[in-house]
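Working notes for the structure below.
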Amino acid sequence: MIEYNHLKVEKKWQKKWFESKIFEIKEDSKKEKYYCLEMLPYPSGNLHMGHVRNYSIGDICARFHRMKGKNVLYTAGWDAFGLPAENAAIKNKIHPKKWTKQNIACMKEQLKVLGFSYDWNREISTCDPKYYKWTQWFFIKMWEKGLVFRKNANVNWCSSCQTVLANEQILNGVCWRCGSHTEHRDLEQWFIKITDYADELLEGHKQLGGWPEQVLSMQKNWIGKSYGVEINFKISGFCKNLKIFTTCPDTIFGVTFMVVAPEHEIINELKFKIKNYEQVAKYILASGRKSNIERTSSKEKTGVRLEGVNALNPATKKEIPIFTADYVLMGYGKGAIMAVPAHDQRDWEFAKKFDIPVIEVIKGNNSDTNKHAYEDEGILVNSGEFTGVKSVDAFNIVSNWIEKQGFGKKIVNFKLKDWLVSRQRYWGVPIPMIHCDHCGIIPVSEKELPVLLPEDLEFTRTGKSPLKISKAFVNVKCPKCDKDASRETDTMDTFVDSSWYYARYCDSHNDNAPFDSAKANYWMPVNQYIGGIEHACMHLIYARFWFKVMRDLGLIKYDEPFVNLLTQGMVTLSGSAMSKSKGNVVNSDEILIKYGADTARLFVLFAAPPQKQFDWSSSGIEGCWRFINRVWRLFDVVRSAKPITITDIASQKNKDDILRIMHKTVKKVTADIEKEFQFNTAISSIMELVNALYSYKYHANDDGVSLEVYKVLILLLAPITPHLCEEIWEKFGNNECISIHAWPVFDESVIKESSIEIPVQINGKLKGRIIASVDMSEEEVKKVVMFDKKILVHLKGKQIVKFIYVKSKIVAIVIK
RNA sequence: GCUGAGGUGGUGGAAUGGCAGACACACAGGUCUCAGAAACCUGUUCCCGAAAGGGUAAAUAUGGGUUCAAAUCCCAUCCUCAGCACCA
């Protein structure tokens with residue numbers, strides 16, 4: 001047989017698959033459906049090894065279930081709007097659309113070269129007006145349902161570029177383009193009321209048994225439901241109260257100061273009373289340059305007292321100072337806290353720095369609030385009438401008292417914030433709204449959709465949104481009163497685009513609706529969703545939310561979009577995530593040319609279990625390449641009279657051995673792919689089968705066992721290295737593609753062995769092994785052990801305290 | 001800082017309470033060859049030993065605990081990674 005030529009073989013089969021349309025799929029009520037989905041990629045330009053890993057996992061799942069006889073939906077598309085295209089436009093003077101299209105073309109070519117079994121007929125791109133028409137349609141539906149609203153929110157602002165900056169465009173507190181200090185600025189922006197679904201998003205976790213526990217746990221903490229009390233603190237000499245939220249109302253007697261976030265409106269309202277306003281304003285400006293992470297993670301707490309302003313502790317009736325400090329965030333609770341330094345470490349550190357009294361109100365076993373905040377349970381002290389109450393009971397007792405006194409009420413609070421969806425940028429879905437001086441905000445009428453993104457615009461270096469400059473875009477007539485009005489120029493967050501694409505795949509070309517409900521109800525929910533762990537919270541919560549909205553619009557009948565989730569670990573390069581912006585990307589091109597798609601796929605899956613982070617190293621890829629050639633050469637071996645491998649007699653396999661190993665391998669590979677996604681161990685057991693087949697004695701001399709085992713081997717390998725397997729399959733004279741051939745089955749009775757080797761431990765140390773038959777009783781096993789010379793040496797002159805036999809696993813003897 | 005993962009030979013990893021290191025990589029030695037490549041064979045955690053074999057207290061980040069038995073369960077500490085809401 002000639003040497004394996006991956007370039008020729010891979011091209012041949014990719015062409016055959018394409019021409020025969022075997023991966024193009026339709027609804028078929030007679031067949032069980034299987035929807036396999038990978039997270040929508042951003043077309044950055046090149047496929048890197050992280051992509052290769054993600055899609056290899058997906059393709060194997062799709063191919064495996066196809067061979068299992070299911071009707072498999074598996075396709076691809078592009079999350080094509082976003083900041084990098086705009087950055088490229090500014091830097092290289094290339095239109096975002098052109099840049100994006102080029103990247104898509106390039107990446108699509110690479111996906112094809114990898115031999116993924118996508119139904120390309122269903123491909124979508126979120127920047128295609130045919131797609132974003134429906135993104136806009138959903139936005140209007142949500143507006144009609146009251147799920148879209150406007151409010152002021154903070155943005156990063158560069159005053160020299162006169163533009164809003166993304167977090168990523170700020171490097172060490174300065175603008176990426178001009179290097180000047182950034183600041184915060186309030187803008188009226190568009191929000192989606194995801195918090196209306198907060199409870200259901202939590203409850204829905206019960207239906208997500210096929211999700212990793214860690215992701216559910218991360219989402220739970222992200223949604224952050226907590227029960228607490230909203231309390232109004234009086235400010236001396238001021239008409240308005242300071243509202244706070246606390247989950248520990250039982251510590252109210254220990255409140256010795258208050259902290260408001262630097263963005264809190266009350267600072268401005270109290271301006272006339274604050275004696276050191278200049279100092280406060282300076283602090284606010286400085287904290288505006290920090291990110292939330294910097295603010296909350298700095299070890300040294302900072303802040304400024306609002307001199308001349310005091311609040312009143314409603315429990316102790318004592319006056320307490322008010323500070324502003326950036327460790328309190330505007331986005332959580334009320335943006336203000338009652339600080340209890342004795343029982344919150346952050347407050348404790350702040351109190352120590354500013355010399356504020358620490359009053360212990362919960363006494364625990366080892367509590368010493370002079371040294372550290374005490375955050376555990378205990379007995380209330382220094383708490384007036386509540387002194388002596390157990391802290392576990394105090395939440396209810398004290399919060400009832402607060403409600404009765406009339407200065408607070410029990411509420412449920414969520415960490416989850418409403419979704420800020422507007423962006424002051426060009427390359428995104430235009431928000432389909434019109435501002436009319438007479439009628440207010442009016443949605444664009446459905447028949448006018450999509451609101452097209454104008455393309456013939458100048459990309460200047462000033463950073464101003466081209467949409468704002470385009471008169472043709474901005475100036476419109478009000479749909480209601482027909483007077484002059486202006487079009488909204490904000491575009492949508494790209495997370496919006498990727499919140500419903502999985503439903504569009506069910507019916508990608510529909511011009512009359514986002515998708516046909518019957519089709520979506522056939523394919524949805526997604527059986528297997530695959531993507532990076534970094535999306536555990538944001539994308540996976542947004543998509544779940546959007547799906548529930550689609551359900552409430554009557555478009556779909558299920559509650560959850562993704563039944564099973566596999567979160568793959570990142571492919572990193574020397575420890576940090578591969579990303580184009582960081583410039584640490586390993587492209588797939590070189591590997592594909594040198595070794596081919598099958599080797600690349602085999603290698604990324606063999607290198608590590610999919611959930612684990614994988615630090616890139618190409619060492620080992622040679623071994624995968626050798627393995628593929630070894631499988632290829634086996635074709636001749638199984639048909640020849642002699643094995644080519646010269647091995648010592650002991651390791652040679654006979655007919656029973658080889659059949660048992662084969663059935664075992666089928667069982668192991670099936671379970672590894674189907675249940676555990678342990679492709680690395682599936683591959684190593686296939687390698688073991690190959691090794692066994694090389695050391696099989698008979699091959700062509702023995703009634704075709706060798707051929708039978710080899711064919712099963714090729715079937716097992718088909719989802720992983722499909723090109724190689726198709727080629728070998730064809731050599732056997734099969735006309736039908738292996739890609740749609742039935743998956744092999746195994747026979748448990750062949751796997752079962754009658755006698756096995758059992759290790760013997762004495763006092764926890766391995767001292768020998770015995771051969772026993774599987775169905776022996778403990779007594780019988782003991783007899784065998786007691787006749788074993790090696791074991792007896794250790795037992796001589798000792799007393800057996802305990803004899804343990806774990807069936808078919810181990811013998812453990814305890815001696816004195 | 002908060003939340004969630006992870007730490008096993010020279011390397012990737014296997015083993016989820018029962019033989020630590022499967023399967024590979026790398027390395028070393030060998031067969032074939034004029035030679036090389038390829039292919040094939042043998043060895044390879046560490047320590048002692050030429051080997052057979054041994055380790056009564058070697059070894060799964062570190063220290064402690066539970067158990068006949070711990071990489072696996074519990075507690076504490078250290079380190080690495082991911083996410084933290086305008087990167088996608």
Side-chain angles (χ1 to χ4, degrees), chain A residues 3 39-42 44 79 81-84 87 153-156 164-170 212-215 217-222 224 291-299 327 331 345-346 415-417 419-425 493-495 498 532-539 541-542 567 569-570 572 575-577 579-581 606-609 611-615 617 619-624 626-627 629-630 633 644-648 678 680-681 683-688 691 694 757-766 769 801-804 806 809-814:
Chain A
E3 208 163 290
M39 285 180 188
L40 193 62
Y42 180 78
S44 59
D79 188 13
F81 276 130
L83 188 62
N87 290 347
N154 244 257
V155 289
N156 300 308
V164 173
L165 294 174
N167 287 341
E168 205 189 48
Q169 293 173 311
I170 302 171
E213 204 48 57
Q214 57 158 311
V215 174
S217 172
M218 282 158 96
Q219 286 203 353
K220 191 180 164 218
N221 289 318
W222 183 272
S291 70
N292 283 356
I293 297 162
E294 283 172 289
R295 282 170 57 164
T296 48
S297 64
S298 68
K299 278 193 177 146
Y327 77 95
Q345 188 56 28
R346 291 162 302 176
K415 230 180 239 161
L416 183 71
K417 295 187 256 182
W419 181 7
L420 197 169
V421 290
S422 52
R423 298 289 182 271
Q424 295 70 45
R425 280 197 264 285
D493 177 10
T494 56
F495 273 120
S498 58
I533 182 72
E534 68 275 18
H535 296 291
C537 285
M538 305 184 66
H539 164 64
I541 287 179
Y542 294 141
T567 45
M570 305 192 93
T572 56
S576 60
S579 89
K580 213 180 171 190
S581 55
F606 183 54
Q611 296 87 345
K612 220 184 142 168
Q613 178 187 325
F614 172 51
D615 200 46
S617 152
S619 95
I621 199 161
E622 287 280 347
C624 290
R626 276 203 288 272
F627 171 74
N629 284 281
R630 227 164 118 78
R633 285 192 306 270
I644 57 162
T645 309
I646 312 137
T647 49
D648 63 298
Q678 298 299 328
N680 55 332
T681 52
I683 291 165
S684 45
S685 64
I686 295 172
M687 285 175 171
E688 282 175 283
N691 292 345
Y694 265 98
E757 199 182 63
I758 296 172
V760 180
Q761 282 183 346
I762 295 174
N763 286 353
K765 293 274 166 196
L766 181 76
R769 298 161 209 282
V801 184
K802 220 176 204 177
F803 184 92
I804 299 159
V806 183
K809 263 190 177 164
I810 201 162
V811 170
I813 306 170
V814 186

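Keep in mind the model is a prediction, meaning the values are calculated, not measured.
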Using a 4.0 Å heavy-atom cut-off across all strands, classify A/Lys415 as base, sugar-phosphate, or nothing.
base
Between C1' of B/A38 and CZ of A/Arg633, the distance in whole Å
8 Å
Remember a base hit wins even if backbone is also touched, and classify A/Val814 as base, sugar-phosphate or nothing at under 4.0 Å, heavy atoms.
sugar-phosphate
Scanning all shown strands, the Watson-Crick or wobble mate of B/C27 with both distances under 3.5 Å is B/G43
Taking the side chain as everything from C-beta on, heavy atoms only, tell me whether A/Leu83 gets closer than 4.5 Å to A/Arg425.
yes
Between the side-chain atoms of A/Gln169 and the base atoms of B/C87, is any donor-acceptor pair under 3.5 Å?
no
With C1' as the reference atom in both, quote the distance from B/C74 to B/A22 in angstrom, rounded to an integer.
29 Å
Under 3.5 Å, is there any donor-acceptor pair linking the side chain of A/Gln345 to the base of B/G1?
no
How long is the line joining CG of A/Leu40 and C1' of B/A88, in whole Å?
10 Å
Same-atom distance (C1') from B/U77 to B/U42, integer angstrom:
45 Å
With a cut-off of less than 4.0 Å, is there a side-chain N or O of A/Asn680 near OP1 or OP2 of B/A14?
yes
Please report the distance, rounded to the nearest Å, between CE in A/Met218 and C1' in B/G4.
4 Å
P spacing across the pair B/C46 / B/A59, given as an integer number of angstrom
16 Å
Does CZ belonging to A/Arg295 count more than 12 external heavy atoms closer than 6.0 Å?
yes
Rounded to the nearest Å, what distance is computed from the CD1 atom of residue A/Ile810 to the P atom of nucleotide B/A70?
11 Å
Within the 4.0 Å heavy-atom criterion, would you say A/Asp615 contacts the bases, only the backbone, or no part of the nucleic acid?
nothing
Does B/A88 have OP1 or OP2 sitting under 4.0 Å from an N or O in the side chain of A/Arg423?
no
Can a side chain N or O of A/Arg295 be found less than 4.0 Å away from OP1 or OP2 on B/C84?
no
Can you find a pair of side-chain heavy atoms, one from A/Thr567 and one from A/His535, that are under 4.5 Å apart?
no
Atom-pair distance (CH2 on A/Trp222; C1' on B/C84), nearest Å
5 Å
Which part of the nucleic acid, if any, lies within reach of A/Pro41 when heavy atoms closer than 4.0 Å are counted: base, sugar-phosphate only, or nothing?
nothing
Taking only side-chain nitrogens and oxygens of A/Lys612, does any of them come within less than 4.0 Å of OP1 or OP2 of B/A5?
no
With the side chain counted from C-beta on, respond yes when A/Trp222 and A/Leu416 share a heavy-atom pair under 4.5 Å apart, and no when they do not.
yes
Out of B/A85, B/C23, B/G4, which has the shortest distance to the side chain of A/Ser684?
B/C23
Complementary nucleotide of B/U33, counting Watson-Crick and G-U pairs under 3.5 Å
none
I need the CD-P distance between A/Glu688 and B/C23, as an integer number of Å.
5 Å
Euclidean distance for C1', B/G64 against B/G83 (whole angstrom)
33 Å
Counting heavy atoms from C-beta on, name the nucleotide in B/C84, B/C87, B/A14 closest to the side chain of A/Thr681.
B/A14
Do A/Asn167 and A/Asn156 have side chains that get closer than 4.5 Å, going by heavy atoms?
yes
Regarding A/Val760, tell me which of base, sugar-phosphate or nothing describes its non-hydrogen contacts under 4.0 Å with the strands shown.
nothing
From the candidates B/C84, B/G4, B/C87, the one with an atom nearest any side-chain atom of A/Pro84 is B/C87
Categorize A/His535 for me: base, sugar-phosphate, or nothing, with a 4.0 angstrom heavy-atom threshold over every strand shown.
base
Is A/Gln611 close to A/Pro212 at the side-chain level, that is, under 4.5 Å between some pair of heavy atoms?
no
Phosphate contact (B/C40 OP1 or OP2) by A/Arg626 side-chain N/O below 4.0 Å:
no
Let me know the distance between CZ of A/Phe627 and C1' of B/G13, rounded to the nearest Å.
17 Å
Nearest to the side chain of A/Ile293 - B/A88, B/C87, B/C84?
B/C84
Regarding the side chain of A/Phe606, the nearest nucleotide among B/A88, B/A24, B/G18 is B/A24
Answer whether the closest heavy-atom distance between the side chains of A/Phe495 and A/Met538 falls below 4.5 Å.
yes
When the P atoms of B/A37 and B/U44 are considered, how many whole Å apart are they?
24 Å
NA contact type, A/Ile804, heavy-atom cut-off 4.0 Å: base, sugar-phosphate, or nothing?
base
Mind checking the P distance from B/C47 to B/A58? Whole angstroms is fine.
15 Å
Once each nucleotide of nucleotides 52-61 of chain B is scored for protein heavy atoms under 4.0 Å, what B/S/- sequence comes out, 5' to 3'?
------S---
C1' atom, B/A50 versus B/A38: distance in rounded Å?
35 Å
Is the shortest side-chain heavy-atom distance between A/Gln219 and A/Ile541 below 4.5 Å?
yes
Which nucleotide in B/C86, B/C81, B/C68 has an atom nearest any side-chain atom of A/Ala166
B/C86
What's the closest nucleotide to the side chain of A/Phe614 if the choices are B/A85, B/C87, B/G12?
B/G12
Counting the atoms with a prime plus P, OP1 and OP2 as sugar-phosphate, which does A/Ser498 contact under 4.0 Å by heavy atoms, base, sugar-phosphate, or nothing?
nothing
Proximal nucleotide (of B/A24, B/C86, B/A26) relative to the A/Glu622 side chain
B/A26
Name the residue closer to the 5' end of RNA chain B, choosing between A/Gly764 and A/Ser617 according to the nucleotide with the nearest heavy atom.
A/Ser617
Flag side-chain contact, heavy atom, 4.5 Å: A/Trp419 against A/Asp493:
yes
Please work out if A/Ala536 contacts a base, only the sugar-phosphate, or nothing of the nucleic acid, heavy-atom cut-off 4.0 Å.
nothing
Of the nucleotides B/A85, B/G4, B/G13, which one has an atom closest to the side chain of A/Leu416?
B/A85
Span that lies between the C1' atom of B/C73 and that of B/G17, in whole angstrom:
8 Å
Would you say the side-chain atoms of A/Tyr327 pair up with the backbone N or O of A/Ser298, donor to acceptor, closer than 3.5 Å?
no
Picking from B/C68, B/C87, B/G12, the nucleotide nearest the side-chain atoms of A/Lys802 would be B/C68
Value in whole Å for how far the P atom of B/A5 lies from NZ of A/Lys220:
12 Å
Applying the Watson-Crick and G-U wobble criteria at under 3.5 Å, what pairs with B/G83? Answer none if nothing qualifies.
B/C2
Please report the interatomic distance CD1(A/Ile758) to CD1(A/Ile810), rounded to the nearest 0.5 Å.
9.5 Å
Glycosidic class, syn or anti, of B/G55 using a 90° window around 0
anti
If you look at every strand shown and take non-hydrogen atoms under 4.0 Å, does A/Tyr327 touch a base, only sugar-phosphate, or nothing?
nothing
Phosphate OP1/OP2 of B/G1: any A/Asn292 side-chain N/O under 4.0 Å
no
